[in-house]
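Worksheet: the structure to be examined is printed underneath.
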Amino acid sequence: MIKSNSVVVYKNAPAIVTGDAVNGKFPVKFLSVPATQTKKAVWGEQNVRPKDVLVLHEGPASSLEKVLDFAEKNSPSEEQIYNLNSDNRLTLLIKECWELLSSDDSTKNESHSFEDLTSLFYGELKADESWGLYLALKNTVYFMQNLKDQMDGKITFNPRSSEEIDSLVKKADEKGHEAEIRAEFITRLKKHELLPEDSKFMGDVEALALGKTDKSRTMHDAHMKETPEKAHKLLLDTGLWKITRNPHPLRWGLSMHSASECLSTPPEEERVKVEGISYAIDDEWSSDPDDAVAFDGTYLWVHIADPASSILPESTIDRSARSRGSTLYIPEGAARMLAEGSLADYALGLNEISRALSFRIKLSENGDVEECTVMKTIVDVKRLTYKQADEQKDSAELKPLFEIARKNAERRAKAGAVQINMPEVHLSVDPETKTVSIRTVNHFESGEMIREMMLLAGEGAAKFAFKNNIPFPYVSQDAPDIPAEIPEGLAGQYRLRRCMKRRSVGVTPAMHCGLGLNMYTQVTSPLRRYGDLIAHEQLRAFLDGRPLIDKDTMLMRVSEGDAAMQAAKKAERKSNTHWTLVYLLQNPEWTGEAVCLDKSQKVPLFSIPELGTEAYIMPSKETELNEKIRVKAANINIPELTVDYIPVE
């Protein structure tokens with residue numbers, strides 16, 4: 001029972017109980033506005049519940065004025081609190097009490113009540129002095145109030161360790177000299193002579209370099225331009241970052257880790273068992289095969305991984321995939337659109353049984369898609385690299401596929417398809433040493449064959465969706481403006497690339513002029529691209545008789561996924577450039593061949609096939625299109641992603 005004239009803590013301030021409880025509440029008096037030289041103090045009164053206060057002393061207190069007066073005259077100042085050699089009387093007494101309790105293993109880790117502590121260091125606890133003593137204990141560095149006990153209406157304290165006390169004193173000292181410390185840091189920063197402990201001040205610089213913010217107080221104070229590139233350079237110049245730190249995926253808001261939520265085990269459902277062997281043909285470094293092909297003498301089969309069997313529209317996995325847009329492929333590795341742990345169940349050819357969404361296509365004599373049937377299947381898949389497939393291209397199993405591909409390529413070419421072949425490279429980074437490797441991507445005949453198979457699947461899927469009135473993401477492209485004369489070689493391929501228009505994705509089928517197809521969609525990479533995944537969701541909903549996504553919703557979701565995919569592509573390009581420059585720094589003696597692509601500008605544009613890059617280079621003499629010169633790298637700037645290639649004399 002709380003008595004009248006008790007001293008309590010109400011809203012972190014002292015109060016006096018002024019009467020008995022009525023209906024579970026009792027009145028308290030507290031200081032509302034402190035006195036000034038010109039105005040008197042203003043006192044407040046409030047009816048409160050027992051759980052709203054902490055009882056310091058049962059009283060009777062003389063008055064609230066005397067309670068406050070003792071605290072004002074005796075409590076240590078902030079400077080005295082953090083001065084371990086303070087001559088404040090209460091601070092000295094509390095320190096002695098702490099030394100006594102800390103020296104005994106049985107008491108140094110125990111909670112001690114407010115009354116017990118005050119009896120140890122002060123003597124008899126009086127009501128008028130209770131707030132001042134409580135305030136001194138609460139603010140001291142030697143003890144810490146137990147907040148868990150406070151929630152139960154008890155006031156207890158625990159002795160702090162020596163390490164905790166030293167840390168508090170150090171922080172207080174730094175706070176007191178914050179302006180001076182920061183000024184000294186900024187001086188060191190301008191000279192790029194940071195101390196190890198200065199890294200704690202550089203968080204905002206790193207955030208700017210990673211695109212998490214567009215401002216940096218540190219760079220502003222040092223009178224430096226606040227851009228991600230300048231922040232990146234500063235982190236390199238000060239040694240806080242190494243040249244191998246790639247900030248570009250994070251700048252584009254992308255995760256460098258694969259999705260975490262795994263797909264559930266594929267559902268048990270009725271599937272057609274496809275006889276014979278189908279072939280998953282890919283690069284030797286590929287680890288997520290999501291397509292396989294076969295020809296049974298009548299039908300071309302294109303089997304695609306079937307993650308949509310477990311992913312429903314607007315599920316958490318679907319929304320996560322949409323926010324990523326696609327798998328991010330950077331030289332450090334892949335940040336997958338779907339969880340790494342799901343590959344074994346859904347990629348083709350990794351297990352004895354492969355479940356697929358299959359496109360059974362019937363072709364006419366000239367290679368047109370006459371009929372496409374979509375079905376859920378079980379397939380026997382054998383994996384091959386492009387090199388292995390090229391070696392087996394005359395086998396009974398693969399030869400028909402190469403013939404179908406040849407006919408399809410000819411058919412598309414007659415319809416105006418544009419084939420562009422520019423040099424490609426594959427970059428990889430050793431995870432331990434960060435050594436960069438660059439190798440030229442070989443163009444295998446089987447790679448072209450698989451491309452034609454995927455185009456046939458895309459054309460067949462588009463026709464199937466259109467025939468069955470399925471709202472679907474169709475991909476189209478306007479006709480390019482190709483001049484009458486195109487140079488030979490790489491210069492001609494570059495000129496063709498310049499002529500191509502941007503692709504479009506919509507819910508109405510239209511001509512894809514670049515591919516030479518009347519209607520087309522992408523359905524062959526649902527593990528890697530969100531647009532393909534949502535197309536699969538629609539196809540499966542149609543096959544299962546479930547509601548379809550309407551056209552407007554489909555277009556909105558496809559647009560969101562496409563925007564995220566474009567961001568991923570930009571991050572991939574920036575990352576490839578970053579690691580190419582790191583490669584050049586790691587190989588300072590490098591020289592390579594450059595091929596002249598274009599002379600329409602003051603400085604000619606060259607392709608450097610060995611690096612898979614293009615650059616404006618001023619040759620030492622007049623150079624013709626497709627002419628080759630030898631170059632070396634100079635003035636490499638990692639933050640700005642720039643390098644000068646100069647002719648080797």
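Heads up: numbering here begins at 1 and tracks the sequence.
Looking at Glu403 and Arg406, a side-chain N of the basic residue comes within less than 4.0 Å of a carboxylate O on the acidic one, giving a salt bridge. Salt bridge present: Arg497 and Glu614 bring a charged side-chain N and a carboxylate O closer than 4.0 Å. Ion pairing of Asp562 with Arg503 is present here, as a side-chain N (NZ or NE/NH1/NH2) and a carboxylate O approach within less than 4.0 Å. We find that Asp296 and Arg360 are not joined by a salt bridge, their nearest charged nitrogen and carboxylate oxygen being 4.0 Å or further apart. Remark: Asp282 does not engage Arg383 in a salt bridge, criterion side-chain N to carboxylate O under 4.0 Å.
Across Pro249 and Leu328, no two heavy atoms sit closer than the pair CB-CD2, 3.9 Å. Listed here is the closest heavy atom pair of Val631 and Trp590: O-CZ3, 3.8 Å. Between Leu597 and Leu625 the shortest heavy-atom distance is O-CD2, 3.4 Å. The two atoms that bring Ser446 and Asp390 nearest to each other are N-OD1, 2.7 Å, heavy atoms only. Summarising the geometry of Glu610 relative to Ile438, their closest heavy-atom pair is O-CG2, 3.5 Å, with the distance given to 0.1 Å. The nearest pair of heavy atoms linking Asp552 to Asp550 is N-OD1, 3.1 Å.
Partner of Ile404 under the side chain to side chain contact (heavy atoms under 4.5 Å, CB included) criterion, chosen from Val293, Ile361, Leu456: Leu456.
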* Test Arg322 against Glu314 for salt bridge (charged side-chain N to carboxylate O under 4.0 Å, His left out), laying out the working first. => CA-CA 9 Å; Arg322 191 188 315 155; Glu314 283 303 281; 2.3 Å; yes
* Asked: Yes or no on salt bridge (charged side-chain N to carboxylate O under 4.0 Å, His left out) for Arg412 and Glu459, after CA distance, side-chain angles and deciding distance?
  -> CA-CA 12 Å; Arg412 292 191 306 104; Glu459 183 182 7; over 6 Å; no
* To do: With side-chain contact (heavy atoms from CB on, under 4.5 Å) as the test, would you mind laying out the steps for Leu515 and Val475 before giving the verdict?
  => CA-CA 11 Å; Leu515 297 177; Val475 183; over 6 Å; no
* Evaluate the side-chain contact (heavy atoms from CB on, under 4.5 Å) criterion for residues Cys596 and Glu624: first the C-alpha distance (whole Å), next the side-chain angles of each, then the deciding distance (0.1 Å), finally the verdict. => CA-CA 7 Å; Cys596 185; Glu624 298 302 320; over 6 Å; no
* I would like to know whether Ile638 and Leu585 meet side-chain contact (heavy atoms from CB on, under 4.5 Å); could you show each step before the answer? => CA-CA 10 Å; Ile638 292 282; Leu585 288 172; 3.9 Å; yes
* Audit row: Glu560, Tyr530, side-chain contact (heavy atoms from CB on, under 4.5 Å) steps and yes/no -> CA-CA 9 Å; Glu560 290 176 8; Tyr530 180 73; over 6 Å; no
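Looking at Glu572, its side chain does come within 3.5 Å of a backbone N or O of Tyr329 through a donor-acceptor pair. Thr213 places no side-chain N or O within 3.5 Å of a backbone atom of Gly211 that could act as its donor or acceptor partner. No side-chain donor-acceptor contact under 3.5 Å links Gln538 to the backbone of Leu548. Side-chain atoms of Asp306 do not come within 3.5 Å of backbone N or O of Tyr346 as any donor-acceptor pair. For the pair Thr377 (side chain) and Val379 (backbone), a donor-acceptor distance under 3.5 Å is absent. In this structure a side-chain-to-backbone donor-acceptor pair under 3.5 Å is missing from Lys414 to Gly516. Looking at Arg251, its side chain does come within 3.5 Å of a backbone N or O of Pro228 through a donor-acceptor pair. In terms of modelled atom types and a separation under 3.5 Å, the side chain of Gln586 and the main chain of Val436 share a donor-acceptor contact. Gln493 contributes a side-chain N or O that, together with a main-chain N or O of Asn421, makes up a donor-acceptor pair within less than 3.5 Å. A donor-acceptor pair is defined here as one N or O able to donate and one able to accept, closer than 3.5 Å; no such pair exists between the side chain of Tyr279 and the backbone of Glu397.
Residue Lys376 places its NZ atom among more than 12 non-hydrogen atoms of other residues, nucleotides or ligands, all under 6.0 Å distant. Other residues, nucleotides and ligands contribute only 12 or fewer heavy atoms inside 6.0 Å of the NZ atom of Lys628. Other residues, nucleotides and ligands place no more than 12 heavy atoms under 6.0 Å from the CG atom of Asn518. Within a 6.0 Å sphere centred on CZ of Arg319, heavy atoms belonging to other residues, nucleotides or ligands number more than 12. Other residues, nucleotides and ligands place more than 12 heavy atoms under 6.0 Å from the NE2 atom of His443. Annotation: Lys501, atom NZ; neighbour count of heavy atoms from other residues, nucleotides and ligands within 6.0 Å is above 12.
Of the inter-residue distances, the one linking Trp301 atom CH2 with Thr373 atom OG1 reads 8.0 Å to the nearest 0.5 angstrom. In this structure, OG1 in Thr327 is found 9.0 Å from CG in Asp290, a value given to the nearest 0.5 Å. The OH atom of Tyr299 sits 14.0 Å away from the OG atom of Ser358 when rounded to the nearest 0.5 Å. Rounding to the nearest 0.5 Å gives a distance of 11.5 Å between CD of Glu640 and CG of Leu581. Here Phe402 contributes atom CZ and Met453 contributes atom CE; the two are 9.0 Å apart, rounded to the nearest 0.5 Å. Taking OG1 from Thr524 and CG from Leu527, the interatomic distance works out to 10.5 Å, rounded to the nearest 0.5 Å.
Annotation: side chain of Pro331 is in contact with side chain of Asn576 (closest heavy-atom distance under 4.5 Å). The shortest distance between side-chain heavy atoms of Pro247 and His232 falls below 4.5 Å. Put simply, the side chain of Leu539 reaches to within 4.5 Å of the side chain of Ile470, judged on heavy atoms. Using a 4.5 Å cut-off on side-chain heavy atoms (C-beta onward), Arg630 and Glu593 make contact. Looking only at side-chain heavy atoms (C-beta outward), Lys434 and Ile243 stay at 4.5 Å or farther from each other. With a 4.5 Å cut-off on side-chain heavy atoms, Ile317 and Leu338 count as touching. You'll find the side chain of Glu284 stays beyond 4.5 Å of the side chain of Lys387, heavy atoms only. Side-chain contact check for Thr580 versus Val425: every heavy-atom pair is 4.5 Å or farther apart.
Using modelled atom types, one finds no donor on one side chain facing an acceptor on the other under 3.5 Å when comparing Ser525 with Asp532. Counting only N and O atoms by type, the side chains of Arg411 and Asn408 include a donor and acceptor under 3.5 Å apart.
In this structure, Phe542 has its ring center under 6.0 Å from that of Phe464.
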